[in-house]
Amino acid sequence: MATPASKNATTVARASGSWLGGRDYLSMLRRGNKVAAIWAAGGHFAGYSTAQRLIRERPIRRRSIRIFSVHSPLDELVRGVGDFNPTILNGYASAISLLAREQRAGRLDLRPVLVITSAESLPPEERARIRETFSAKVRDQYACSEFMGLAHGCEQDWLHVNADWAILEPVDEEFRPVPPGQPSHTVLLTNLANRVQPIIRYDLGDSVTMRPDPCPCGNPLPAVRVQGRTSEVIAFPGPDGRTVELPPLALGALVDSTAGVRMFQVVQTDPRRLAVRLVIEDDVDAGQVWEQVQRALRGPICPSGDQRRPRARAGYPVSA
């Protein structure tokens with residue numbers, strides 16, 4: 001039976017082998033092969049915990065892997081990533097889009113070899129803008145806490161499933177199989193590599209379309225496209241007149257980490273107001289949960305252009 005380490009090594013090797021060529025590896029070696037990871041820091045979040053695990057396994061990786069919090073003020077994030085000058089830029093799709101915009105505005109100067117987006121859907125036109133902005137290969141990664149190396153993107157913008165480690169079943173509303181070429185209502189995941197906690201036909205909630213024919217890129221693994229995780233960047237008027245933009249997972253991470261929250265929705269109802277809807281667990285104090293969520297969202301979560309404060313407070317009404 002394969003070990004988790006061998007599974008991780010195999011999935012990483014497959015992805016990097018399809019993404020990078022000899023010239024790419026040579027360029028990365030010349031520049032130090034540094035990875036900037038833009039994640040929600042702390043807690044159980046998959047990207048952050050994976051990067052931390054890699055560093056714990058080999059502390060020398062601290063030189064080559066740098067984690068940047070998506071909760072950081074945008075100016076601070078731009079400065080930190082720019083100073084690090086990574087060869088691989090990896091993170092939430094919305095955060096990568098914000099960095100690409102900063103680069104187009106002349107406030108950032110990155111030349112990564114590879115840009116990896118994950119956790120959120122990325123429209124084809126935005127993918128093209130990121131590719132042009134950074135003059136780099138842009139590849140998507142389909143992952144979740146239940147299986148990190150689920151699928152990796154190719155140059156045809158399809159995601160190839162590691163089908164020897166995981167089973168993905170596209171199904172309709174009644175959990176009946178959906179044929180290739182048709183979008184599913186949701187998709188069920190079975191993790192074949194987890195020897196600690198069995199995960200069998202777990203409902204991911206994403207709409208998946210299986211490619212009915214072989215992918216032109218030549219990869220023999222099953223190819224899918226995913227429609228899901230389509231939260232939008234939230235924009236606020238900043239204190240200095242500039243627009244403050246916040247990646248959706250920066251908000252979602254705060255609500256999701258609140259004990260007692262089963263499901264949530266955050267909607268921007270006007271430029272200065274957020275509406276929050278919660279489904280709360282039955283065995284907790286709903287009033288306390290609401291208080292904790294409002295305190296979190298009113299706290300230091302918004303990126304800001306104000307260099308005098310390391311964290312700007314949101315200061316916007318949050319309604320139930």
Side-chain angles (χ1 to χ4, degrees), residues 8 11-12 15-16 33-59 61-102 108 110 112 114-122 126 130 134 136 138-153 204 226 228-234 245-258 264 266 296-297 299-303 310-311:
N8 292 336
T11 55
V12 169
S16 59
N33 192 19
K34 295 184 291 185
V35 180
I38 320 297
W39 303 121
H44 64 280
F45 302 104
Y48 174 78
S49 59
T50 298
Q52 288 286 65
R53 177 180 57 79
L54 290 172
I55 293 172
R56 285 196 305 270
E57 289 175 350
R58 295 183 62 187
R61 286 173 174 156
R62 292 184 185 277
R63 300 179 183 177
S64 58
I65 300 175
R66 186 76 55 83
I67 303 170
F68 296 89
S69 173
V70 74
H71 295 111
S72 300
L74 185 56
D75 285 2
E76 180 182 305
L77 181 62
V78 167
R79 185 170 59 252
V81 175
D83 290 344
F84 188 56
N85 191 24
T87 54
I88 297 179
L89 184 60
N90 185 9
Y92 301 138
S94 57
I96 299 297
S97 292
L98 287 178
L99 291 178
R101 188 203 62 186
E102 293 297 294
L108 186 62
L110 295 182
L114 175 66
V115 177
I116 306 172
T117 63
S118 61
E120 301 161 323
S121 294
L122 189 64
E126 182 60 20
I130 294 173
F134 292 121
V138 180
R139 297 289 185 266
D140 195 15
Q141 186 176 33
Y142 187 32
C144 58
S145 298
E146 295 74 25
F147 194 104
M148 281 299 295
L150 189 50
H152 57 274
L204 285 180
V226 180
R229 313 182 197 187
T230 55
S231 302
E232 297 178 352
V233 171
I234 295 176
E245 293 185 311
L246 188 66
L249 280 168
L251 280 176
L254 293 172
V255 181
D256 184 55
S257 62
T258 302
F264 70 91
V266 179
L297 293 180
I301 60 173
C302 275
R311 295 289 189 276

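Being a predicted model, the structure only gives us computed values, none of them experimental.
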- Note on the structure: What one should report as the nearest heavy-atom pair of Ser64 and Phe84 is O-CZ, 3.9 Å
- For Val78 and Glu102, the nearest pair of non-hydrogen atoms, with its separation, is CG2-CG, 3.7 Å
- Query: To the nearest 0.5 Å, how far apart are CG in Leu108 and CG in Leu99?
  - Reply: 6.0 Å
- Option passing side-chain contact (heavy atoms from CB on, under 4.5 Å) with Ile88 (candidates Ile65, Val35, Val115): Val35
- Query: Can you find a heavy atom in the side chain of Ile38 that is under 4.5 Å from one in the side chain of Val81?
  - Reply: yes
- Check whether any side-chain heavy atom of Leu204 sits under 4.5 Å from a side-chain heavy atom of Leu150, and report yes or no. yes
- Note on the structure: The reported gap from NE2 in His152 to CZ in Arg139 (rounded to nearest 0.5 angstrom) is 10.0 Å
- Over all heavy atoms of both residues, which pair between Pro112 and Leu110 is shortest? Give the atoms and the distance, please. CD-C, 3.4 Å
- Quick one: OH on Tyr92 to OG on Ser118, what's the gap to the nearest 0.5 Å? 7.5 Å
- Query: Which pair of non-hydrogen atoms, one from Gln141 and one from Met148, has the smallest distance, and what is that distance?
  - Reply: NE2-O, 4.5 Å
- Message: The criterion is side chain to side chain contact (heavy atoms under 4.5 Å, CB included); which residues satisfy it with Ala100, sequence neighbours excluded?
- Response: Arg104, Ile130, Thr133, Phe134
